Amino acid sequence: MKKTIKIMMALMIAAMIIFVSGCNQANTMRNNIQKEADKFNVYRKITFVNLYTGQLLYSAEGYFSVQTTYNNEYQGQQEIGLVFNVAKNEYKMDYFSIAENVCYVIEQIENTTGDPYHWKIVWYIAIPENVGG
């Protein structure tokens, strides 16, 4: 009986070590990918969706870093900033508003253009001509 308990304990410890090392490996990879994305080495696409209607609002793709501004609320809405690498040592930042009915998904995709500075923003809704009066 003591031998069975020792074997069961050894198996439980081994399972815990495997589980913990698996979580650590996933966290390490997530951190590594995020660091590479912040260095503009990961080609990604972000898509914004209206949760009430299911309508695609806009998307952006390129080598970008996501800068959250959740602490800075503007007119009751939160924003995130996308910093794009648009040329050697040249960057562009665009802000996107996040309302309670809007969510976004970031995908890691392959750059099919071959241009290391390729980026684009696509609007799926009509944009008013006279913005800001």
Side-chain angles (χ1 to χ4, degrees):
M1 176 125 171
K2 286 186 177 185
K3 188 175 182 179
T4 305
I5 292 175
K6 286 183 182 180
I7 291 172
M8 288 181 65
M9 289 296 286
L11 288 174
M12 286 177 48
I13 290 172
M16 287 175 36
I17 290 172
I18 290 170
F19 177 75
V20 170
S21 67
C23 290
N24 288 339
Q25 184 177 5
N27 286 337
T28 299
M29 293 311 298
R30 180 183 52 81
N31 288 333
N32 290 345
I33 290 171
Q34 185 60 52
K35 286 178 186 176
E36 288 300 305
D38 287 339
K39 294 178 188 176
F40 307 101
N41 294 328
V42 178
Y43 195 85
R44 305 190 291 176
K45 179 178 181 179
I46 185 169
T47 304
F48 294 82
V49 179
N50 181 318
L51 294 175
Y52 294 158
T53 65
Q55 181 182 22
L56 294 179
L57 301 174
Y58 38 84
S59 67
E61 70 177 67
Y63 295 96
F64 61 85
S65 175
V66 177
Q67 304 299 310
T68 58
T69 60
Y70 288 119
N71 294 334
N72 302 326
E73 290 196 11
Y74 174 72
Q75 295 181 349
Q77 296 183 358
Q78 299 170 334
E79 295 178 334
I80 63 168
L82 300 183
V83 181
F84 293 92
N85 187 3
V86 297
K88 187 174 183 179
N89 297 321
E90 189 176 330
Y91 305 91
K92 176 183 188 246
M93 185 166 193
D94 289 301
Y95 289 94
F96 295 86
S97 181
I98 305 296
E100 67 181 36
N101 65 324
V102 176
C103 76
Y104 63 91
V105 176
I106 300 174
E107 305 170 78
Q108 181 177 335
I109 60 176
E110 184 178 337
N111 180 1
T112 57
T113 68
D115 179 0
Y117 304 114
H118 174 76
W119 63 275
K120 71 178 179 178
I121 297 174
V122 177
W123 289 85
Y124 298 103
I125 59 174
I127 300 174
E129 289 183 31
N130 294 328
V131 176

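Numbering starts at 1 and runs along the sequence shown. These figures come from a predicted structure and were not determined experimentally.
- Note: the hydrophobic cluster containing Ile80 also contains Trp123 (ILVMFWY, side chain heavy atoms under 4.5 Å, direct or indirect links).
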Inset, instruction - Please step through side chain to side chain contact (heavy atoms under 4.5 Å, CB included) for the pair Val102 and Tyr104, ending with a clear verdict. - result: CA-CA 7 Å; Val102 176; Tyr104 63 91; 6.0 Å; no
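- Smallest separation of non-hydrogen atoms from Thr113 and Asn111: OG1-OD1, 2.6 Å.
- Members clustered with Tyr117: none, using a 4.5 Å side-chain heavy-atom cutoff among hydrophobic residues.
- Every residue meeting the ring pair (Phe, Tyr, Trp, His ring centres under 6.0 Å) condition with Tyr91, not counting sequence neighbours, appears here in chain and number order: Phe40.
- Asn31 pairs by the side chain to side chain contact (heavy atoms under 4.5 Å, CB included) definition with nothing, not counting sequence neighbours.
- Closest approach of Gly81 and Tyr95 over heavy atoms only: CA-CD2, 4.0 Å.
- The shortest heavy-atom contact between Phe96 and Ile121 is CZ-CD1, 3.9 Å.
- In this view, Glu90 and Val86, Ala87 satisfy the side chain to side chain contact (heavy atoms under 4.5 Å, CB included) rule, not counting sequence neighbours.
- For NZ of Lys92, the number of neighbouring non-hydrogen atoms (other residues, nucleotides, ligands) closer than 6.0 Å is greater than 12.
- To the nearest 0.5 Å, atom OH of residue Tyr124 and atom CG of residue Asn50 are 14.5 Å apart.
- How far CG of Leu51 is from CG of Leu57: 9.0 Å, rounded to the nearest 0.5 Å.
- Between Val105 and Val49 the shortest side-chain heavy-atom distance does not fall below 4.5 Å.
- Side-chain contact check for Glu100 versus Tyr52: some heavy-atom pair is nearer than 4.5 Å.
- We find the CG-OG1 distance between Leu56 and Thr47 to be 7.0 Å, quoted to the nearest 0.5 Å.
- Atom NZ of Lys39 sits about 12.0 Å away from atom CD of Gln34, to the nearest 0.5 Å.
- To the nearest 0.5 Å, atoms CD1 (Ile33) and CG (Asp38) are separated by 12.0 Å.
- Under the side chain to side chain contact (heavy atoms under 4.5 Å, CB included) criterion, Val42 pairs with Glu36, Ala37, Arg44, Gln108, not counting sequence neighbours.
- Of all non-hydrogen atoms in Ile125 and Gln55, the two that sit nearest each other are CG2-NE2, 3.2 Å.
- Taking Tyr43 as the reference, Tyr63 meet the ring pair (Phe, Tyr, Trp, His ring centres under 6.0 Å) condition, with sequence neighbours excluded.
- Of all heavy-atom pairs between Ala60 and Leu82, the closest is CB-CD1, 3.9 Å.
- The structure places CD1 of Ile46 at 12.0 Å from CD of Glu61, a figure rounded to the nearest 0.5 Å.
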